[in-house]
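These figures come from a predicted structure and were not determined experimentally. A note on names: the letters A, B, ... follow the listed sequences, proteins ahead of strands, and every chain is numbered from 1.
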Amino acid sequence: MTCKAEHYMTGETAWCPGCGNFAIREALAGALAELGLAPHQVLLVSGIGQAAKIPHYIGVNGFNGLHGRALPPAIGAKVANTDLKVIVESGDGDSYGEGGNHFMHNIRRNPDIAHFVHDNQVYGLTKGQASPTSEPGMKTGVQVEGVMVSPLNPLSLALVMGAGFVARCFSGEKDHLKATMKEAINFPGYALIDILQPCVSFNKINTHGWYKNRVYFPEIQAPQDWTAAMDLSRQWGDQIPLGIFYNKPHRTFEESRAALKGEPLSFRPFNPEELSSLQNDFL
Amino acid sequence: MTCKAEHYMTGETAWCPGCGNFAIREALAGALAELGLAPHQVLLVSGIGQAAKIPHYIGVNGFNGLHGRALPPAIGAKVANTDLKVIVESGDGDSYGEGGNHFMHNIRRNPDIAHFVHDNQVYGLTKGQASPTSEPGMKTGVQVEGVMVSPLNPLSLALVMGAGFVARCFSGEKDHLKATMKEAINFPGYALIDILQPCVSFNKINTHGWYKNRVYFPEIQAPQDWTAAMDLSRQWGDQIPLGIFYNKPHRTFEESRAALKGEPLSFRPFNPEELSSLQNDFL
Amino acid sequence: MEVNVLIGGAAGQGMETIMNLLGKALVKEGFGLIYTKDYMSRVRGGHNFTRLRIAPGHPWTTLESIDVLVALNEETYLRHSDHLTPTGRVIYDPQLFNLPEGESRGVPVELKKLAEEAGGRVMANTVAVGALLVLMGLETSTVEELLKDTFAVKEGVAEKNITALKAGYDSAARSCSACFELPSKNQDGEKLFIDGNQVLGMAALASGCRFLSAYPMTPATGIMNYLAAKSLDYPVVVEQAEDEIAAINMALGASYSGVRAMTCTSGGGFSLMAEGVSLAGMTETPLVIVVAMRPGPATGLPTRTEQSDLEFILHSGHGEFPRAVLSATSHEDAFYRLNKAFELADRYQTPVFFLSDQNFADTHRSVGLYDFSRLGYNRALAAEGDFEKPYKRYRITDSGISPRILPGQYEGEVVLIDSDEHDEKGNIIEDAYTRRAMVDKRMRKLKGLAEEMDEPDLYGDPHPEVLLIGWGSTYGVIREAVDALIARGIKTAMLHFSDLWPLPQKRLRSLLAEVDHSCCIENNAGGQLSRLIRRESGLSIDNNILKYDGRPFLPNEIVKEVQNDL
Amino acid sequence: MEVNVLIGGAAGQGMETIMNLLGKALVKEGFGLIYTKDYMSRVRGGHNFTRLRIAPGHPWTTLESIDVLVALNEETYLRHSDHLTPTGRVIYDPQLFNLPEGESRGVPVELKKLAEEAGGRVMANTVAVGALLVLMGLETSTVEELLKDTFAVKEGVAEKNITALKAGYDSAARSCSACFELPSKNQDGEKLFIDGNQVLGMAALASGCRFLSAYPMTPATGIMNYLAAKSLDYPVVVEQAEDEIAAINMALGASYSGVRAMTCTSGGGFSLMAEGVSLAGMTETPLVIVVAMRPGPATGLPTRTEQSDLEFILHSGHGEFPRAVLSATSHEDAFYRLNKAFELADRYQTPVFFLSDQNFADTHRSVGLYDFSRLGYNRALAAEGDFEKPYKRYRITDSGISPRILPGQYEGEVVLIDSDEHDEKGNIIEDAYTRRAMVDKRMRKLKGLAEEMDEPDLYGDPHPEVLLIGWGSTYGVIREAVDALIARGIKTAMLHFSDLWPLPQKRLRSLLAEVDHSCCIENNAGGQLSRLIRRESGLSIDNNILKYDGRPFLPNEIVKEVQNDL
Ligand SMILES: Cc1ncc(C[n+]2csc(CCOP(=O)(O)OP(=O)(O)O)c2C)c(N)n1
Ligand SMILES: Cc1ncc(C[n+]2csc(CCOP(=O)(O)OP(=O)(O)O)c2C)c(N)n1
Ligand code: SF4
Ligand code: SF4
Ligand SMILES: [Mg+2]
Ligand SMILES: [Mg+2]
């Protein structure tokens with residue numbers, strides 16, 4: 001049973017009119033529909049934030065967890081049921097700030113999970129504090145003199161940690177986003193899309209127009225060239241490249257675990273009595 | 001009052017005979033002595049692990065905190081007293097594993113702190129589990145099939161996060177280590193030295209000999225060249241370069257905070273009564 | 001003789017700014033009032049509302065009943081008109097929606113149109129406030145002044161708002177006149193119009209807090225905002241941490257190295273701090289932790305209120321160590337009490353908790369000026385000569401408190417603190433004897449702390465038959481309930497705890513022995529104070545009145561429940 | 001009729017391996033024994049020792065008094081010779097140190113030299129064990145067999161150790177003969193020689209646990225090691241998380257998506273899990289959390305024992321939600337009880353804690369075979385037809401338990417869980433009515449859980465005058481104390497809690513009403529169970545015997561204290 005894009009869109013959203021989140025949601029719904037994934041086959045995991053409300057607005061399995069903690073349950077869920085298509089979707093604060101340690105270390109694990117970050121360069125839900133990707137100088141209620149630290153570059157970071165699929169998209173380029181999401185979902189291993197997303201309520205710097213004027217689609221010769229990918233990932237400012245900068249699978253978490261071959265663990269039968277020979281170790 | 005190197009070495013160590021930690025301790029004592037820093041002027045902050053016992057063995061001010069949490073108190077301590085020379089010293093598990101999020105985000109802050117990581121590529125104190133820098137394939141009581149994930153590269157990571165001072169040393173090259181420590185301590189801003197350190201008890205792969213056969217001192221033309229530094233940081237295997245790969249100061253955390261100019265906050269006098277005009281905001 | 005206003009609409013309609021100005025203006029004029037917020041965990045849309053109650057003296061709570069309903073959208077009218085008094089009024093925009101047939105209480109004002117004419121739709125609220133002033137028989141002048149002050153730097157904004165205000169005023173004045181009698185103005189001097197988070201932020205700054213490390217979390221963020229704004233002019237550093245673990249550990253570093261430091265958060269963020277709390281206990285590092293509670297578990301109801309983290313906070317952090325737990329009861333008291341938290345933290349070298357909640361944090365009230373000379377700034381550091389050399393951070397003493405110096409303070413002396421069990425110098429130990437001595441030393445501080453605790457506040461009938469017990473932000477509402485019960489002839493008193501741990505028991509024990517009926521009133525499902533009382537005193541409270549739907553108590557809810565019990 | 005051995009030396013001298021083999025060999029031969037460890041938080045050096053007690057039946061504790069002291073270095077002799085019985089023996093290496101003049105109990109064996117001759121210094125322990133066998137009048141054969149088994153894959157290691165063993169045996173046999181009478185062998189069938197962590201690891205695997213995510217932390221790491229080793233042959237995934245926050249959240253993800261999952265840690269790591277516990281409560285996700293306690297606060301004494309996290313665990317995680325807390329009392333019981341934890345977690349869809357401590361975790365005992373057919377594997381999932389469609393994860397029911405299905409299990413049905421307050425479908429809500437309904441629903445589970453709790457174990461005099469109350473790993477030692485007190489004519493019984501929350505009170509209440517004197521015995525400074533009992537029942541325990549120096553109780557300590565009290 002698969003559906004049309006509209007059918008994936010459930011619930012009444014609580015986002016602000018004009019927000020980039022809407023386009024991301026539509027792109028995701030479109031990607032799922034075009035991939036022919038039925039709702040029960042997909043699991044959407046998120047943390048807390050505006051972006052992280054997405055499991056309430058896409059009618060697949062959902063785990064709306066804690067702020068910063070979207071990746072760990074996603075890995076666990078994948079271990080239990082390798083048949084699930086697991087997608088993690090959350091905000092920049094959630095993914096790179098509170099959740100930074102999981103971000104780094106899960107890239108190393110390389111689970112077969114697609115990670116879509118709504119990067120609005122601000123903490124939306126808590127009303128506009130700086131996020132790890134905020135532009136230096138951005139003033140907020142907490143950063144009263146403006147952001148003083150250099151922004152975290154999620155794509156460079158992912159590359160350095162060994163990610164096999166690294167892409168940048170923009171919510172204002174919905175078709176490109178949808179196409180990239182499909183590739184990320186199909187990629188065998190951890191796939192990151194950092195999605196530039198205007199926040200009309202709190203980010204007055206990186207507006208839709210600001211992004212629109214800067215994004216471009218570079219021709220990417222070989223998305224297997226790490227150095228070229230690193231260069232692209234570091235481009236920011238007047239010209240912001242979009243696209244899949246790196247795409248090179250390597251052994252996944254699931255492949256490296258003997259126990260994960262075969263039927264999903266969740267559905268394998270079990271009878272404790274059969275394990276009584278475990279005691280032999282202690283005789 | 002300054003001292004000779006020996007005078008900084010206090011307490012009876014609980015390390016294993018033959019461990020690389022001893023040389024690191026001596027290098028640090030030597031660096032402090034040669035810099036003419038008196039014990040009360042220095043603060044050594046650590047987490048938990050074998051390396052993290054160092055504040056008990058160097059007679060300066062010490063904050064032996066929680067596992068993974070050496071950097072945050074170091075920042076706080078520096079805010080309170082900018083006159084202190086703050087050094088963070090801890091293990092690879094502590095700094096890059098449990099403490100990974102602080103590692104990333106403190107590099108962005110760029111506090112004037114030197115960070116020395118005893119990188120033995122293993123969890124020593126808890127008896128030999130994999131650390132984030134363990135070699136793939138290393139077998140342990142928990143990684144029974146061998147480490148399956150790609151190691152975290154602390155220097156590349158630091159570069160991507162914008163660190164101004166990035167170096168690799170080896171406990172078996174003590175003079176170089178001492179000299180590099182002095183530079184790191186004097187560097188205005190966050191300075192990382194990842195120190196390769198044999199663990200004779202648990203790391204049977206990266207032994208003293210293993211490192212000794214591989215390390216070399218490349219000629220570094222311009223430690224202000226980020227790409228060159230990134231290249232050096234990524235060299236690993238048969239040839240492991242040592243040295244200061246990157247050295248380029250930028251605005252520090254302390255410089256960016258108006259309140260931190262002048263006398264250390266800790267020693268400024270205060271009288272609550274003088275603040276009663278704060279109420280005017282609410283009249 | 002009192003007026004209750006509710007103004008409701010969608011998030012992001014800018015209600016807050018103008019209502020804050022109105023509140024301030026009214027307080028400036030001498031009115032006593034309270035102003036509360038009910039908002040959703042979203043940025044735009046949904047249904048938010050605020051309540052304003054102007055009543056004789058300085059009212060403690062807002063009420064359910066509404067005299068003026070300002071309905072910025074139809075939903076507001078539909079949700080709240082049930083509570084509109086028969087003689088009430090509805091300010092609404094006839095271009096947006098119509099009132100139902102037969103609704104005679106409407107005061108139509110073309111909010112949107114007038115706002116647009118004044119310069120922008122967002123000023124619809126300002127127009128509404130203009131209309132509101134008419135109904136209350138007030139002039140626009142004070143609000144105008146404040147608009148000028150507030151928007152002094154943003155060119156044109158004040159003027160546009162004044163135009164909007166006046167347009168609303170004039171429009172309403174055409175269709176009606178003053179229909180509510182305001183209480184008489186108070187003659188008790190200048191008053192502040194301030195919310196709980198601001199009280200705490202100001203108290204922290206005035207207590208000499210020089211470092212706040214925190215991670216944004218509703219409803220605690222206001223404290224961070226306050227101190228951040230002040231960091232431009234005062235020697236305080238506010239650092240947004242990468243997570244709450246960093247927040248508490250940063251604060252501990254700052255405290256160790258010499259400043260008064262604080263962190264603030266809500267339940268979820270606090271959960272992440274538990275290990276740091278334990279570190280504070282072990283290293284004997286002063287720290288003030290403000291927890292602004294909201295309904296849990298997990299993310300719960302982020303913008304609503306609850307008192308459900310008391311037991312968690314009493315036991316948070318692994319292992320055993322002394323702590324003190326204080327709470328925010330009233331705006332009047334909380335200012336001094338947060339100062340007390342800083343004083344205790346320094347004197348006892350241990351973590352001190354200060355429990356707030358959304359109800360306290362987001363509520364504005366008219367309160368008297370604070371006496372800053374009552375604030376303490378006793379760092380309790382050892383003077384030269386008052387400590388042995390070489391310095392021993394954990395010298396064993398009768399009080400359990402070791403003389404404290406700062407790193408870098410004395411040439412030749414170093415300060416070593418340790419999260420492992422340690423000896424007097426701070427070095428790791430493992431032997432049973434030292435371990436026991438150190439546990440005993442730390443635990444002895446509890447004795448001193450117990451003597452510092454204020455007995456709970458007693459209010460009401462001097463010879464009560466019914467005793468209502470509460471803690472924290474329920475102070476005002478229980479107090480109003482007591483007044484109401486007394487008015488109904490029930491001899492009632494309230495025993496309200498500000499200091500919670502170590503639990504002060506004298507007054508409690510003597511009162512429980514006297515009264516016929518005791519009742520503990522808490523914004524949680526477990527009756528946590530009630531359980532604590534039984535654990536500590538062995539005495540059982542007769543009944544618990546518990547509310548855990550995310551909303552604060554209303555006085556009449558308490559009155560009704562108490563009457564049912566009797 | 002019993003023999004108490006202490007073998008001591010520096011960390012890293014390899015004592016453990018050989019003592020494990022010796023223990024196993026003795027159990028194989030039919031002896032009942034207990035083997036405990038006292039080790040420092042370091043890898044080499046310092047002073048570590050293990051105790052072995054061979055006594056009639058299956059002894060519950062090791063004792064202070066020593067019959068054979070194996071002193072691998074002089075420090076061991078100096079520290080422990082005070083407790084050597086007059087007829088005791090000291091095995092020592094005369095090349096390493098000399099016994100003081102007048103010490104006639106020495107059995108000199110050239111441990112180092114013989115070990116080097118056999119192939120390496122590390123085998124000094126093996127030499128010592130050879131000597132020990134002589135003193136106990138045993139042959140080397142069983143140990144030899146085990147050496148062959150254990151080192152089957154490591155070429156030459158077994159042979160070298162056998163040489164060392166025999167050399168020690170021969171050397172001791174030259175200077176002395178059997179001087180201790182062993183108890184008679186038990187005739188009660190095959191016994192396991194197993195430590196607490198192994199019991200728990202095996203119980204988890206046999207309960208169908210398929211995912212353990214954890215971060216190494218003493219004394220819980222042994223559980224991780226056990227399951228990791230088994231992951232080569234059984235369908236269980238063990239993942240070393242980047243931190244404890246990841247550990248618990250991973251486990252929750254795995255549980256949500258369908259497997260029995262567990263995490264294990266000690267106090268500090270558990271502190272970091274508090275928010276995840278709250279998430280389990282809110283999302284109603286089954287989870288078993290094993291906390292192996294050690295002395296806190298903070299890093300405390302990493303390799304030692306304490307029972308100080310009970311209150312923290314009872315209240316850990318912000319907000320209010322149901323949980324169950326069970327504990328490890330004896331090796332016999334813990335196996336089934338951890339299975340019960342899994343069963344309760346699945347049936348009540350909530351976090352279940354299992355409290356262990358270093359004392360339990362690291363102690364080996366001779367215990368009977370387990371009956372695996374007693375283990376449950378009831379996943380309590382709703383069958384097709386037993387749930388409404390579309391599926392509602394949080395359907396409100398009388399028991400508070402909603403029918404549960406797994407994501408991906410049924411075509412067309414999705415499972416949504418949420419950390420915010422939510423409606424039956426799992427979608428965020430903010431209204432008061434739904435909130436209240438959901439809190440009530442979750443809290444109703446406590447009623448069911450309360451009925452699942454086992455009453456505490458009663459042992460001793462059927463009509464006691466003195467009641468000793470305990471929980472967790474003190475089971476054995478209190479039991480031995482009861483025997484000793486009864487032997488002295490004091491009518492004593494023990495009431496020992498395995499299941500702690502919801503606290504079972506029936507037996508407690510009736511016994512407290514009967515006895516003259518009650519006493520709660522805990523390895524902590526606060527008397528935490530004692531406080532819990534008062535909070536829940538209003539009943540006060542007369543006296544607490546508390547020990548918090550990181551060491552387990554000895555039976556005679558309890559006996560003495562109880563006698564003092566009377
Ligand atoms: C442990 C914890 N800390 C803080 C919060 C408060 N909080 C909720 S969302 C959020 C930031 C969200 O920012 P981001 O992830 O960028 O999402 P956005 O709202 O911008 O989409 C914060 C700080 C929380 N819920 N939990
Ligand atoms: C919160 C917490 N989790 C786990 C531990 C246990 N622990 C102590 S040290 C350590 C690892 C140390 O490894 P590393 O930092 O590399 O130091 P090393 O011993 O190798 O020098 C661990 C896991 C702890 N003390 N606290
Ligand atoms: S606050 Fe920003 S990110 Fe959140 S919904 Fe509104 S516009 Fe979008
Ligand atoms: S365990 Fe390893 S790192 Fe630790 S002291 Fe021993 S050799 Fe050094
Ligand atoms: Mg964001
Ligand atoms: Mg290490």
Side-chain angles (χ1 to χ4, degrees), chain C residues 40-41 46 245 266-268 270-272 274-279 281-283 293 295-304 306 308-309 311-312 314-321 418-421 428 430 432-433 435-436 439-440 443 524-526 531-532 534-535 538-540 548-551, chain D residues 40-41 46 245 266-272 274-279 281-283 293 295-304 306 308-309 311-312 314-321 418-421 428 430 432-433 435-436 439-440 443 524-526 531-532 534-535 538 540 548-551:
Chain C
M40 296 183 75
S41 180
I245 304 171
S266 187
F270 179 69
S271 274
L272 292 166
E275 196 191 13
V277 171
S278 183
L279 180 65
M282 184 54 131
T283 57
M293 295 176 289
T299 308
L301 292 172
T303 59
R304 307 201 178 265
E306 198 159 273
S308 56
D309 296 332
E311 290 179 323
F312 177 36
L314 281 169
H315 305 106
S316 62
H318 58 292
E320 295 166 298
F321 50 92
D418 185 15
S419 85
D420 300 272
E421 192 55 276
I428 304 190
E430 297 210 25
Y433 176 84
R435 161 70 180 175
R436 213 159 33 226
V439 173
D440 289 339
M443 288 310 200
N524 60 43
R531 291 202 284 224
L532 180 66
R534 190 163 58 218
R535 187 187 89 178
L539 301 170
S540 291
Y548 43 87
D549 62 4
R551 276 71 180 171
Chain D
M40 296 183 73
S41 179
I245 304 171
S266 188
F270 179 68
S271 275
L272 292 167
E275 196 191 13
V277 172
S278 183
L279 180 65
M282 184 54 130
T283 57
M293 295 176 288
T299 308
L301 293 171
T303 60
R304 306 198 180 268
E306 198 159 270
S308 55
D309 295 332
E311 288 179 324
F312 177 36
L314 280 170
H315 306 106
S316 62
H318 58 292
E320 295 165 299
F321 51 92
D418 185 15
S419 85
D420 301 271
E421 192 57 275
I428 304 188
E430 298 210 23
Y433 177 83
R435 161 70 179 174
R436 215 160 30 229
V439 173
D440 289 339
M443 288 311 201
N524 60 43
R531 290 202 284 225
L532 180 66
R534 191 165 55 219
R535 187 187 88 180
S540 291
Y548 43 87
D549 62 5
R551 276 71 182 171

Atom pair [atom1] ([X]) and [atom2] ([Y]), whose distance is rounded to the nearest 0.5 Å:
X	Y	atom1	atom2	value
D:Leu272	C:Glu275	CG	CD	4.5 Å
C:Asp309	D:His315	CG	NE2	12.0 Å
D:Arg531	C:Leu532	CZ	CG	9.5 Å
D:Ile245	C:Ile245	CD1	CD1	3.5 Å

Exercise: identify the closest heavy-atom pair between [X] and [Y]:
X	Y	value
C:Gly281	D:Pro297	C-CG, 4.4 Å
D:Gly538	C:Arg534	CA-CD, 4.1 Å
C:Ala298	D:Ser419	CB-O, 3.4 Å
D:Arg435	C:Asp549	CG-CA, 3.5 Å
D:Gly319	C:Ser308	CA-OG, 3.9 Å

Between C:Pro295, C:Gly46, C:Gly276, which has the largest tally of heavy atom pairs under 4.5 Å with chain D?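 Heavy-atom pair counts peak at C:Pro295.
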Heavy-atom pair count under 4.5 Å with chain D, highest-scoring of C:Arg551, C:Arg304, C:Met293: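 Going by pairs under 4.5 Å, I would pick C:Arg551.
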Measuring heavy-atom distances to chain C, does D:Ser266 have an atom under 4.5 Å in its side chain, in its backbone, in both, or in neither?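 Nothing of D:Ser266, per the 4.5 Å heavy-atom cut-off to chain C.
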Proximity breakdown for [X] and chain D, heavy-atom pairs closer than 4.5 Å:
X	result
C:Leu314	neither
C:Glu320	both
C:Tyr548	both
C:Asp418	neither

Is the D:Phe312 ring parallel, tilted or perpendicular to the C:Phe312 ring (thresholds 30°, 60°)?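 Geometry flag for C:Phe312 against D:Phe312: parallel rings.
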